[in-house]
Student: 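Here it is, the structure in full.
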Amino acid sequence: MTDGTTSRAATADRTDNTPAARVVDLVKDFGGGVRAMDGITFDIPRGELTSIIGPSGCGKTTTLKIIAGLAEATSGRVEVNGVPVTRPGPDRAFVFQDFALMPWATVLRNAAFGLELRGVPRKEREEIAKEYVGKVGLARFENSYPHQLSGGMRQRVGLARALAVDADILLMDEPFASVDEQIRRRFQEDLLRLLSDEKKTVLFVTHSIEEAVYVSDQVVILTRGPSRVSKVVRPGVDRSGGSDSIRRSPEYLDWVEQIWSELQSYLET
Ligand SMILES: Nc1ncnc2c1ncn2[C@@H]1O[C@H](COP(=O)(O)OP(=O)(O)OP(=O)(O)O)[C@@H](O)[C@H]1O
Ligand SMILES: [Mg+2]
């Protein structure tokens, strides 16, 4: 295993070592006896990519929504830069599992929507949105509508929207779930590149162990619901050798195996 010195995080321009956010003893009851989370605690280090992995229904989306300020915890708290979260804020941007695009608006307007909500004047927000639509490879489609795009392209619009608002923390709920493996791998590279360019902190939900190991500095493994943190690991694989050699490296395969056995212990019981 590496000591993390070759991970992206090590080169990020960090001003201090305090976590960007902390999730402290989060409990969520939905009524009717449904307890989604039963005391989840983990830190989200600044400038790093943390992923959450766990069985379907264990509360990953709910956790992200509470961090975003879009849902309330039954007990426990989330702190962003040391301040308890009570509502959405410009420091956090959410990429939804189901895109949440406006079907009547163009790609450009959808990408600019976060800025529109913040009252950024039209010309300025369109300029910024244009830049990010280009970065996610959709420049030719800026005047298209969501129904004219594939699922993967719609997800890229969601990503452009989140990047355009320039939030420090990106909350991404299975952003690459509906694309084929080839495009997924391209996205992973795009994401890693954007992260190192833009120095964001990312919390990323995925069902793919391989994806988690490939992109993450830290992986939070949750148990089945009512969920708790089963384990936090720090793969931080050495990315200097290029994508194919990383995916074949003993270090990478070992992390995939470790996370798989941790998850399996919950899937089988
Ligand atoms: N608004 C709601 N009302 C009632 N129950 C809810 C609500 N939202 C989520 N739940 C329940 O809370 C639990 C966690 O849901 P959540 O969507 O957070 O899971 P998840 O880990 O994101 O699942 P998946 O991997 O399938 O996306 C589930 O049992 C779900 O049925
Ligand atoms: Mg979910």
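Both ligands and their constituent atoms are indexed starting at 1 by order of listing. As the structure is a computational prediction, the values presented were derived from the model and not from experiment. Reckoned from all heavy atoms, side chains included, excluding hydrogens, waters and symmetry mates.
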Student: Within 45 degrees of the ring normal and closer than 6.0 Å to the centroid, is that where the cationic atom of R22 sits relative to F42?
Tutor: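 Negative - R22 is either too far from the ring of F42 or too far off its axis.
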
Student: Given the ring of F30, does K28 sit roughly above its face, with NZ or CZ under 6.0 Å from the centre of the six-membered ring and within 45° of the axis?
Tutor: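 Ring-cation test returns yes.
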
Student: Could you list the atoms of ligand 1 found under 4.0 angstrom from a heavy atom of G57?
Tutor: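 Counting atoms of ligand 1 from 1, those under 4.0 Å from G57 are 13 (C), 14 (C), 19 (O), 20 (P), 21 (O), 23 (O), 24 (P), 25 (O), 26 (O), 28 (C), 29 (O).
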
Student: Any atom of ligand 1 sitting under 4.0 Å from a heavy atom of H207?
Tutor: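 Yes; H207 lies near enough to ligand 1 that a heavy-atom distance drops under 4.0 Å.
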
Student: Where do I67 and V85 come nearest, in terms of heavy atoms and distance?
Tutor: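 Looking at all heavy atoms of both residues, the closest pair is O-CG1, 3.7 Å.
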
Student: Measuring from the heavy atoms of G225, does anything fall under 4.0 Å of ligand 1?
Tutor: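 Under 4.0 Å: no for G225.
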
Student: Looking at ligand 1, is there an atom of it that comes within less than 4.0 Å of some heavy atom belonging to E174?
Tutor: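 The answer is yes, since E174 has a heavy atom less than 4.0 Å from ligand 1.
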
Student: Relative to the heavy atoms of G59, which atoms of ligand 1 are at a distance of less than 4.0 Å?
Tutor: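 Under 4.0 Å from G59, ligand 1 has these atoms: 14 (C), 16 (P), 18 (O), 19 (O), 20 (P), 21 (O).
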
Student: Run the numbers on V219 and V232 for side-chain contact (heavy atoms from CB on, under 4.5 Å), then give the verdict.
Tutor: CA-CA 6 Å; V219 182; V232 177; over 6 Å; no

Student: Give a yes or no on whether T61 keeps an N, O or S atom under 2.8 Å from the Mg ion (ligand 2).
Tutor: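 Yes.
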
Student: Are any of the N/O atoms in C58 less than 3.5 Å from those in ligand 1?
Tutor: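 Right, the criterion is met.
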
Student: Test of understanding: with salt bridge (charged side-chain N to carboxylate O under 4.0 Å, His left out), list the residues that count as partners of E131, not counting sequence neighbours.
Tutor: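 Partners of E131 by the salt bridge (charged side-chain N to carboxylate O under 4.0 Å, His left out) criterion, ordered by chain and then number, come out as K135.
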
Student: May I ask you to list the atoms of ligand 1 that are less than 4.0 angstrom from any heavy atom of A36?
Tutor: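 This gives 12 (O), 13 (C), 14 (C) as the contact atoms.
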
Student: Who pairs with A93 by side chain to side chain contact (heavy atoms under 4.5 Å, CB included), at least two apart in sequence or on another chain?
Tutor: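 A93 satisfies side chain to side chain contact (heavy atoms under 4.5 Å, CB included) with A162, V165, A167, L170 only.
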
